[in-house]
Asks: 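I'd like to ask some things about the structure below.
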Amino acid sequence: MPKIGVFVCWCGSNIAGTVDVEAVSEAMKTVPGVVFSTNYQYMCSAAGQKMIADAIHEYHLDGIVVASCSPRMHENTFRKTAQAAGLNPYMVEIANIREQCSWIHKDKEEGTRKAIVLAKAAVAKLLHNQPLQAGTSAVTKRCLVIGGGIAGIQTALDVANAGYEVDIVEQRPTIGGRMAQLDKTFPTLDCSACILTPKMVEAAQNEKIRIISYAKVEKVEGFVGNFRATIRKKARFIDENKCTGCSLCMQKCPSKKGRDEFNMEMNNRPAIYIPFAQAIPNVAVIDPEQCIKLKSGKCGLCEKVCSAGAINYQQKDELLEREYGAIVVATGFRPMDPSPLNELGYAENKDVITSLELERLMNAAGPTKGTLLRPSDLKHPREIVFIQCVGSRCDENTNRGKPYCSKICCMYTAKHAMLIRDKYPDTNVHVFYIDVRTPGKNFDEFYRRAVEQYGVDYIKGMVGKVAREGDKLMVRGSDLINNRQVEIAADLVVLATAIEPDPSARSIGTMLTASMDTNDFFTEAHAKLRPVESPTAGIFLSGVAQGPKDVPETVAQASAAASKVIGLLAKDHLVTNPCVALSDELLCNGCSQCEKVCPYGAITYENREVRGPGVREVRRVARVNPAVCQGCGACTVTCPSGAMDLKGFTNQQIMAEVDAICL
Amino acid sequence: MDQNTRFLTETVLRISGVDPRKCMKCGKCSGTCPNYDAMEYHPHQFVSMVENGLIEQLMNSNAVYLCLGCMACVERCPRHVAPGKLVGALAQLKLRKQDGNHKGGNDIAAMADEKVPQQLLMAAMRKYRK
Ligand SMILES: Cc1cc2nc3c(=O)[nH]c(=O)nc-3n(C[C@H](O)[C@H](O)[C@H](O)COP(=O)(O)OP(=O)(O)OC[C@H]3O[C@@H](n4cnc5c(N)ncnc54)[C@H](O)[C@@H]3O)c2cc1C
Ligand code: SF4
Ligand code: SF4
Ligand code: SF4
Ligand code: SF4
């Protein structure tokens, strides 16, 4: 019988407060197979680990059970300890007597009893453990960044500057994301384009970076270090290598009814267009919904005026197959549509706009060339009302919006109010707010400046109704501080709408098996300690795709994600998890059920000669690719003939645990 | 909180199904209320008064009668609090105390004239038919 050592941890008072650790280590001494059992204050400390190593040598242990915290916390620590002392690291089992016992119980007697049962189960399993050897897999030294906003650009630049290749896949015709649409940026009020454009150019000029714009990732296979992606590059009907970005075609195109997405659809653009002057790549794209030639075969004007001969009406979508070692999700956000909040009248009134629309109205390259004119009659607004928290901070049981605080709107509203008061001192600005949230460096000072220096009228309360009366918008809201209801005859109403993840995020999450929260933001591997990694190995998170952020935070997170990517790509080989599935060909009848449930595509079938007691025939049997299998166990529970087993978690091991608990 | 206040508060919370702790004090309800100026206390105050043991003060104010029962505040509250239901519940309690001297549907119809807004009629039915 194997010789087993048991080590019970107090975790300070975390475990010892609710579990009699002395009683547990005493009880374990009587369990068959256990030759040594002890307890200690902190098993994970250097002294605790030494205690384990010494016992392994002294008692010639074949395996150890550590009764401590969750294996997610310290399984690796103790595996390393065991390995250093000459044991196979997979001869270590953790009995989780903290999260599954001391933390959830109050009664010490019951807690102690349960801890003993859990430790016994771990011993029962360990008696069936086999030493396992980890394999290795090679790493493709290239990174895929999905989304070319400031997050994706920053990650790509950092990874490329470390010497690795990066592909940026951007769904729109240009990179730049939302930041390209902003006018000035808080808290320093520098012009957004002036700080973003150099980065876009740098990305375009970096020879390690390939920008694949107007494209979508369609399929991703493989695993950390070895992803294979299929990318659909949509037809833009332009030869990217020939187009010089002269924009002559835009001027000549007779079809001018396309909605200008870059200007939040507040004006029209031609069927052939370059989203904005600093677009990267600076090449045109034809909107097939609007182009007369593509719809009816007539026109063809742009082809005639294009001296570079770049127009190609026959261009088709292109499929690229690329390999990557790491994938970064930087899919960003869009503002929520406030139309369903009908009391605010966004759908009916042209002069009720969102903050992002206001950014375009204030931008020199926007539909009004930077002069603030209201959309309905192009008059200067003299009375402007801002409403914060529109669609943010709502209870899940209402249909009014998101449960979270969108985090950036307090600051950009203060920015908008301040910029307007600065440029148009004769314009009154009122801001309805619930709280003003300014927890950033120089943020509160910024907001106070809006109030004290620029005289912005902050009203604590919310707006109940916006209704058109003549050419005014009557805004009725509460003024909680003065305990009254106020009514303001406004010319323009600006809604600080909640931000939500890009609508494509959910499908990207499914494709990558990267977990997401209920709001479709990507989830980090650990909220505090691993904030830029997805729980799925090899997937990293950058920017607003992970949660609401302003530009400085986005850039910081983007660089953090890049450093994780670099750490991965710097390795030539990765150690693979040996706890993978294995099919017993004598039991397998080739039914194909396991292939259907495997989320990683690790299972294939082959015709193989099967030999066993009384059998010798060629049969179709399942084969698991151990480099691809992630050890999730879906196949083992699906297999109707019990052929599929998971190394390190065999049916035999699990049944032994169950028996130890129940018998 | 004395015993009577506690009893009253618990009863009103039970009848109305309102959880005042969910209120984030945004004032959307009071920004919405069409009868705001007539009422001594306002929708957002209903919630904090009940929460802070001032329920009797609220019960003795005119808000209990002047709330139109339009439910605009209930509809628009982003936190699912329903302040209008609180005064609704208080009104019910007051009427019950008065030993069934409430008006029936026919009485109300007889009392109504053309100038009474439809909304008020609806609200009256809601209240006095209980
Ligand atoms: C009105 C407003 C004002 C603001 N003002 C400021 C300010 O003054 N200062 C400040 O610091 N911050 C400001 N912000 C916040 C700032 O816009 C964000 O922090 C920043 O844009 C986040 O960058 P990102 O790259 O994460 O996301 P995004 O800018 O949204 O970029 C994401 C990119 O990914 C692409 N993408 C999405 N899905 C896919 C897909 N499936 N495949 C390929 N590509 C995809 C998108 O097309 C986009 O280009 C403001 C935001 C708003 C709404
Ligand atoms: S062919 Fe299409 S894109 Fe070109 S000018 Fe005519 S309508 Fe415009
Ligand atoms: S950042 Fe400010 S405006 Fe935006 S949701 Fe949060 S509190 Fe409301
Ligand atoms: S609208 Fe709701 S959350 Fe806001 S103050 Fe009124 S009751 Fe409270
Ligand atoms: S239900 Fe009563 S308190 Fe609420 S908005 Fe209507 S009148 Fe005002």
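Bear in mind the structure is a predicted one, so any value in this text is a computation, not a measurement. As a basis for the values below, the full set of heavy atoms in this structure was taken, side chains included, without hydrogen atoms, waters or symmetry mates. Naming: A, B, ... by sequence-line order, numbering from 1 per chain.
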Asks: Does NZ in A:Lys549 sit with more than 12 non-hydrogen atoms of other residues, nucleotides or ligands closer than 6.0 Å?
Replies: yes
Asks: Please indicate whether A:Lys472 has more than 12 foreign heavy atoms, meaning atoms of other residues, nucleotides or ligands, lying under 6.0 Å from its NZ.
Replies: yes
Asks: Do other residues, nucleotides or ligands put more than 12 heavy atoms under 6.0 Å from the CG atom of B:Asn4?
Replies: yes
Asks: Whether the side chain of B:Lys28 engages the backbone of A:Gly464 through a donor-acceptor N/O pair (distance < 3.5 Å, no angle test) should be reported.
Replies: no
Asks: Run B:Glu75 and A:Arg400 through salt bridge (Lys or Arg N to Asp or Glu O under 4.0 Å) and show every step you take.
Replies: CA-CA 10 Å; B:Glu75 179 67 24; A:Arg400 301 192 57 86; 5.9 Å; no
Asks: Rounded at 0.5 Å granularity, tell me how far CG in A:Asn397 sits from SG in B:Cys77.
Replies: 11.0 Å
Asks: What is the minimum heavy-atom distance between A:Arg393 and B:Arg79, and which atoms define it?
Replies: O-NH1, 3.0 Å
Asks: Which distance, rounded to the nearest 0.5 Å, do you find between the SG of B:Cys26 and the CD of A:Gln388?
Replies: 12.5 Å
Asks: Counting only heavy atoms not in A:Glu452 (residues, nucleotides, ligands), do more than 12 fall under 6.0 Å from its CD?
Replies: yes
Asks: Output yes when a side-chain donor or acceptor of A:Gln485 lies under 3.5 Å from a complementary backbone atom of B:Ser30, and no otherwise.
Replies: yes
Asks: I need the A:Asn483 CG to B:Tyr41 OH distance, nearest 0.5 Å.
Replies: 10.0 Å
Asks: What's the spacing between B:Thr32 OG1 and A:Arg476 CZ if we round to 0.5 Å?
Replies: 7.5 Å
Asks: Quick one: what part of A:Leu344 sits under 4.5 Å from any heavy atom of chain B, side chain, backbone, both or neither?
Replies: side chain
Asks: Give me the atom names and distance for the closest heavy-atom approach of A:Ser478 to B:Gly27.
Replies: OG-O, 2.7 Å
Asks: Is it the case that the side chain of A:Thr398 and the backbone of B:His80 share a donor-acceptor pair, with hydrogens and angles ignored and the cut-off at 3.5 Å?
Replies: no
Asks: Hey, could you give me the NZ/CG distance between B:Lys25 and A:Leu480, rounded to the nearest 0.5 Å?
Replies: 10.5 Å
